[in-house]
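Read through the structure below, which is laid out as structure tokens, and then see the notes.
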Amino acid sequence: MMLHIPGVLSQNQVAQMRVRLRDTDWIDGRASVGTQGAQVKHNRQLPEGSPLAAELGQMVSAALMAHPLFFSSVLPLRILAPYFNSYVGGEHYGLHVDGAIRSQRGGLPPLRADVSVTVFLSEPDEYEGGELVVVDAYGTHEVKLPAGDAIVYPAGSVHEVLPVTSGERIASFLWTQSMVRDDGKRALLFELDTNIQKLRTAHGESEVTVGLTGHYHNLLRMWAEI
Ligand code: NI
């Protein structure tokens, strides 16, 4: 399931981050990929574990975890420290898949990448090209969102970032391990949760909403791995 999550970061937070990223030293993006990714990845990113990446990453993680739509759609168990990247002058990241298991810094256990997240930090009119293209069972999806918005999609998807032919595309990206590994089950839970909330908003709490909420939690209990 792909989902657009609007307003993860406020305009103020985006502006603060952009100021901090303005004069930073980006390194070759191939530092964090395996041999397959290294052949197609042409961009720059903040050094993994650098103080700036850690500080801005905290802001991104906290904003995502506080967003009800992120929580209900991803059901995050663990969230990897966010990365930050920049594409200019034709840089791109060709078709690839992300590794399933990501090591974590600071002695933390490895994380299984279930859901990929990109948080856009440049406005769409600041650059040409640079669409995130995700291929799934329903076709090919091109994504280019306002600064502060996020897209979440299954980490197993084949995807690419098209060449940025003018301007600069800055984004943060990360992986999460979900309490519910299977994308189809996670999508069912999200749909059920969304409809329960709509029912509650329209008609208030009732025996039906309580019963359906119980059903939701029983499915979560059946499927969650924590
Ligand atoms: Ni990727």
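Remember, it's 1-based here, ligands and their atoms both numbered in the order they're listed.
- Between Thr176 and Leu80, every side-chain heavy-atom pair lies at or beyond the 4.5 Å cut-off.
- Between Arg169 and Glu126 there is no salt bridge, since no side-chain N of the basic residue sits under 4.0 Å from a carboxylate O of the acidic one.
- Side-chain contact between Arg200 and Ser206 is absent, with no heavy atoms from C-beta onward closer than 4.5 Å.
- Leu3 and Val143 are members of different hydrophobic clusters when ILVMFWY side chains are connected at heavy-atom separations under 4.5 Å.
- Around the Ni ion (ligand 1), the protein N, O or S atoms closer than 2.8 Å are His96 NE2, Asp98 OD1, His159 NE2, listed by chain and residue number.
- Here the side chain of Asp193 pairs no donor or acceptor atom with the backbone of Ile196 at under 3.5 angstrom.
- Applying the salt bridge (Lys or Arg N to Asp or Glu O under 4.0 Å) definition to pairs two or more places apart or across chains, those involving residues 83-108 are Arg44-Glu91.
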